[in-house]
S.K.: 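Let me give you the structure first, and then I'll get to my questions.
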Amino acid sequence: MKMKILILMVFVWGSTLSLCAQGKLSEEKRKEFEAQKVAYFTQTLDLTPEEAAVFWPLYNEMMKKFREQDVKLRELQCETHKTKKLTEEQEKQRVMDLLQHEQKMLDIKKEYYQKLMKVVPAQKIACLDRTERKFHRQLLQKICKEPECRK
């Protein structure tokens, strides 16, 4: 269940970012987004400066791997959407590919959570999923209120 939420969150995040920028954020918006994210996570997780110095490089590395997997999933989905009617075997393979993608995402999360728990208390890492969801929900609400998104 958590993995589905994480995948949904990654999709929502990607969709949200492309809403106003039509696929690309300006460098200024990207920096603003990252600064808000760092501030929100650091405050919500109550990271000390020492914890934050170790947390952010690991977290950013994890998110980069998530994005790489997301690109692969989108490519897979695009390929299957091109074919109007798939055979039963093709559909089975598609399901297996999707499950393999979810497992890779879970493996990445497991690897990085273990690394993070070596330097940040587990209580803080346990709140990470909830913190990400809250941040992205707030970001989505903020973006949808911006005038250029209503066009």
Side-chain angles (χ1 to χ4, degrees), residues 1-81 91-149:
M1 182 66 177
K2 288 183 181 181
M3 190 61 185
K4 289 180 183 179
I5 291 170
L6 178 64
I7 291 171
L8 177 63
M9 185 177 52
V10 170
F11 286 128
V12 168
W13 180 69
S15 301
T16 302
L17 294 179
S18 64
L19 260 176
C20 294
Q22 298 177 3
K24 300 218 179 195
L25 283 176
S26 68
E27 189 61 31
E28 180 181 312
K29 283 282 190 183
R30 187 173 306 280
K31 286 180 181 179
E32 178 185 340
F33 166 77
E34 288 301 323
Q36 290 173 359
K37 184 176 182 178
V38 168
Y40 183 84
F41 279 46
T42 301
Q43 180 180 4
T44 303
L45 297 173
D46 194 26
L47 297 174
T48 66
E50 296 79 21
E51 291 169 346
V54 179
F55 173 85
W56 284 107
L58 286 171
Y59 179 82
N60 290 334
E61 194 176 305
M62 177 177 73
M63 294 310 294
K64 180 181 177 190
K65 289 186 178 186
F66 278 159
R67 285 189 296 273
E68 289 169 359
Q69 282 301 312
D70 189 46
V71 167
K72 291 177 184 177
L73 176 65
R74 288 177 193 218
E75 289 171 357
L76 175 67
Q77 289 173 331
C78 285
E79 288 175 19
T80 57
H81 286 297
E91 287 289 1
K92 283 181 184 177
Q93 184 59 49
R94 181 173 173 245
V95 169
M96 295 308 295
D97 290 344
L98 291 173
L99 290 172
Q100 184 179 23
H101 168 75
E102 287 184 26
Q103 184 62 53
K104 285 180 182 178
M105 297 290 276
L106 185 58
D107 291 343
I108 292 167
K109 184 176 180 178
K110 184 177 178 181
E111 172 190 352
Y112 280 90
Y113 273 36
Q114 288 172 347
K115 289 179 181 181
L116 287 166
M117 285 189 293
K118 290 178 182 176
V119 292
V120 177
Q123 291 172 326
K124 294 179 182 185
I125 301 306
C127 297
L128 187 55
D129 284 340
R130 185 174 55 240
T131 301
E132 288 173 333
R133 284 191 304 276
K134 283 182 179 181
F135 176 75
H136 288 112
R137 192 176 315 119
Q138 288 178 5
L139 179 67
L140 179 60
Q141 289 170 349
K142 179 183 174 188
I143 288 175
C144 289
K145 288 179 183 177
E146 291 181 4
E148 61 265 16
C149 290

S.K.: If I compare all heavy atoms of A52 with all of P57, which pair ends up nearest, and what's the gap?
M.R.: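 Result for this residue pair: O-CD, 4.2 Å.
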S.K.: Could you check whether E132 pairs with K109 (Lys NZ or Arg NE/NH1/NH2 to Asp/Glu carboxylate O, under 4.0 Å)?
M.R.: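 Salt bridge between E132 and K109, a charged N being under 4.0 Å from a carboxylate O: no.
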S.K.: By the definition side chain to side chain donor-acceptor pair (under 3.5 Å), identify the one residue from K72, R74, R67 that meets it with D70.
M.R.: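 Going through K72, R74, R67 one by one, the side chain to side chain donor-acceptor pair (under 3.5 Å) with D70 is satisfied by R74 alone.
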S.K.: Begin with the C-alpha distance, continue with both residues' side-chain angles, and end with the deciding distance and a verdict on side chain to side chain contact (heavy atoms under 4.5 Å, CB included) for D97 and Q93.
M.R.: CA-CA 6 Å; D97 290 344; Q93 184 59 49; 2.7 Å; yes
S.K.: Can you list, pair by pair, the side-chain donor-acceptor contacts under 3.5 Å of residues 115-122, counting residues two or more places apart and other chains?
M.R.:
residue: K115; atom: NZ; partner: E111; partner atom: OE2; Å: 3.2

S.K.: Check the pair T42 / W56 against side chain to side chain contact (heavy atoms under 4.5 Å, CB included), numbers first and verdict last.
M.R.: CA-CA 9 Å; T42 301; W56 284 107; 3.3 Å; yes
S.K.: Please assess L99 against M96 for the test side chain to side chain contact (heavy atoms under 4.5 Å, CB included), listing each intermediate value before the final yes or no.
M.R.: CA-CA 5 Å; L99 290 172; M96 295 308 295; 4.3 Å; yes
S.K.: Charged N to carboxylate O under 4.0 angstrom, E91 versus R94?
M.R.: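 Judged by the 4.0 Å cut-off on N to carboxylate O distance, E91 and R94 do form a salt bridge.
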S.K.: If you measure from CD on E28 to CD on E32, what distance do you get to the nearest 0.5 Å?
M.R.: 7.0 Å
S.K.: Which residues satisfy the ring-ring contact (aromatic ring centres under 6.0 Å, His included) test with Y112, sequence neighbours excluded?
M.R.: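 None.
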S.K.: Locate the shortest heavy-atom distance separating I108 from M62; write the atom from each residue and the value.
M.R.: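 Looking at all heavy atoms of both residues, the closest pair is CG2-CG, 4.0 Å.
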S.K.: Sequence neighbours excluded, which residues qualify as side chain to side chain contact (heavy atoms under 4.5 Å, CB included) partners of T131?
M.R.: Y40, F41, T44, L45, C127
S.K.: To the nearest 0.5 Å, what is the distance between OH (Y59) and CD1 (I125)?
M.R.: 10.5 Å
S.K.: If I take atom CD from residue Q138 and atom CD from residue Q141, how far apart are they, to the nearest 0.5 angstrom?
M.R.: 7.0 Å
S.K.: Measuring from atom CG of L106 to atom OH of Y113, what distance do you get when rounded to the nearest 0.5 angstrom?
M.R.: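 Result: 10.5 Å between the selected atoms.
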S.K.: When rounded to the nearest 0.5 angstrom, what is the spacing between CD in Q103 and CD in Q69?
M.R.: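 Q103 CD to Q69 CD: 11.0 Å, rounded to 0.5 Å.
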S.K.: So how far is it from L73 CG to E102 CD, rounded to the nearest 0.5 Å?
M.R.: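 Reported to 0.5 Å precision, the distance equals 8.5 Å.
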